[in-house]
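Pasting a structure here, questions to come.
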Amino acid sequence: MSDDETDWGASLSELSAVGHAPLIPPPPSGLPRVIIHIDLDCFYAQVEMVRQPALRSQPMGVRQKQMVITTNYTARARGIPKSGSVQALTQAYPELILVNGEDLYEYRRFSQRIFEVVSSMTFAHAVERLGMDENFIDVTPWVHAHLSAPAEIDPSPVQGHVFQAASWDKSDPVHRCLALGSVLAQRIRTRIREELGLTSAAGIAVNKTLAKLVGGCHKPDDQTLLLPDQTLALLQTLPSPRSIPGIGSATHASLLELGIDTLADLQAAQVSNLAEMFDRETAERLIQLSQGIDPSPVKTSGRPQSIGLEDRFKVITTRDESKTKLKWLWGRLAQLIYEDGRIPRVIRVTARDQIKERAQGRRWLKESRQTQIAGHILTGLKTNPDLPQREESQVVDICLSLLDKMVNHSAPYQLTLLGIGVSDFPPETANTIQNYFVAGAKETRNEKRQPKRSHAAMTPPNEEAMCQPTPDIDEAIRPCSKKVKPAPLAIPVCDVSDIPHDWDPEVWANLPMDIRTELLASQPIQSRTNVKPLNKKTKSIASYFQKKS
DNA sequence: CTGGGGTCCT
DNA sequence: AGGACCC
């Protein structure tokens, strides 16, 4: 949790409780941060309904193996739970339609487009992904810059709900900041609906934790703002310390051992109370989280650090079966690496062995082994989703040798999971305009190519009764994959003053924030004292985008 | 009958 | 390489 200069640290109310205030630069203006958390409603189910609109009116759920991981709101309106076992749900609700969601390919694509749409909005200073369907957006700079409008002309109407709105004071600058945030959250949600046909919930607050927590107050398809003075009221609605993001099962168990059962216990704890189980930094962070204090910055999410696939199955007991499964996994993974465009330098195999788990008395035990992979083996993926025969069998052999390090084939074993992942991508020389330009060109190139076959239609080999895929009732319809290029985004809400005068607003709006920042840094602004020199390549690319006059 | 992903830290 | 956390 390192602070950089873009992290304006805690809100006013947070600062008062922070031990080392000097380490956290105060907000320049004395105003709080404004953080939006966007959470797609039953994301997987919504994606399936976009792909197959007839499902919209049906009670539907998405299943992976024996679990229904989410149901749509039509189902929930009938009292069907949002998740559960296939067994239980189909028995109790025979009308529930289940779609197989074990292949995350489409969800990944929608997730990427959501991130792009959000990042393209000019007021989004930083966007951080959390899983496939959540994003944090820091809109602090925009909000502070637009707060100066006189209150009597600009009543800054709040969009959506206010958590316990009684103390709303429209003349309080802190409240007005958050109200502006709620307007921006509404615009983000509207764009996601217009561009992708997906509804979402949002929370607006002074830090990530509170934004996420308050966003849960009005779902689906609505949003909630938290005023700093209502922080404790919100926290009091939480049933357990476990409800705080960042306090997971292990931390919760440790807290229980210390006799800390409730959130109030943790709020009242001293660092010394926690010293037995946690180091001082962690203890301080936990107590602060329990009080709604969270200085962690919204970190701009870049390209993934790793790409991996796993498959669970009933059991594998031979090297030969493993080879077949690894081949199948690699085929799908190769497609993803190809679409990513970068060549990884490390490959890893993951496995679960039931016998080992029982021997060690553990509920689950995942092992992995990784190794560097010579560059020449994978370079074919730069231009083709399939590797030449020779390289492909080399990769599979590498995977098998990694597996051999985990299982002894002369002793009994029972694998129930295999996975392959890749990581350690070459650095992309940070986020420069050159880089963006190259990446954009590559994307266009990739999207023009049709996948040789829809890998969503690929079926795992050697299916056991237990893991038979559901009949693919949604064969085909893939709204995104048929597009050569994503539809150009409409001109987003943004202040004209944000845009350099010689730029096309639409082009500007579609540039990622860091690129805009870089270009703004190169703008001839009188007040700027530290003008970065513009190198040649940047200049020519900038002129490519700029309007001709 | 707990999925198939990810992140960062130790 | 594993473990914590997140969805």
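Note that the structure is predicted; figures quoted are calculated from it, not measured.
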Are there over 12 heavy-atom neighbours, none belonging to A:Glu281, within less than 6.0 Å of that residue's CD? no
Counting only side-chain N and O atoms of A:Ser306, is one of them less than 4.0 Å from OP1 or OP2 of B:dT7? yes
Regarding A:Lys212, tell me which of base, sugar-phosphate or nothing describes its non-hydrogen contacts under 4.0 Å with the strands shown. sugar-phosphate
Using a heavy-atom cut-off of under 4.0 Å over every strand shown, decide if A:Arg129 touches base, sugar-phosphate, or nothing. nothing
Checking contacts here: which listed nucleotide (C:dC5, B:dT2, B:dC8) is nearest the side-chain heavy atoms of A:Arg312? B:dT2
Using a strict threshold of under 4.0 Å (side-chain N to carboxylate O), is an ion pair present between A:Asp39 and A:Lys219? yes
Roughly, in whole Å, what's the span from CZ in A:Arg362 to C1' in C:dG3? 9 Å
Which of C:dG2, B:dG4, C:dA4 is nearest the side chain of A:Ala250? It is C:dA4
Mind checking if A:Ser249 touches a base, just sugar-phosphate, or nothing, with heavy atoms under 4.0 Å? sugar-phosphate
Nearest-angstrom distance from the residue atom CG of A:Leu333 to P of B:dG4: 15 Å
Between the side chain of A:Gln223 and the main-chain N/O of A:Ser182, is any donor-acceptor distance below 3.5 Å? yes
Using a heavy-atom cut-off of under 4.0 Å over every strand shown, decide if A:Lys299 touches base, sugar-phosphate, or nothing. sugar-phosphate
Looking at B:dG4, B:dT2, B:dG3, which one has an atom nearest to any side-chain atom of A:Glu310? B:dG4
Touch check for A:Met132, heavy atoms < 4.0 angstrom, all strands: base, sugar-phosphate only, or nothing? nothing
If you compare every side-chain N and O of A:Arg242 against the phosphate oxygens of C:dC5 (OP1, OP2), does one of them come in below 4.0 Å? no
Per A:Ser368 side chain, nearest of listed nucleotides C:dG2, B:dG3, B:dC1: C:dG2
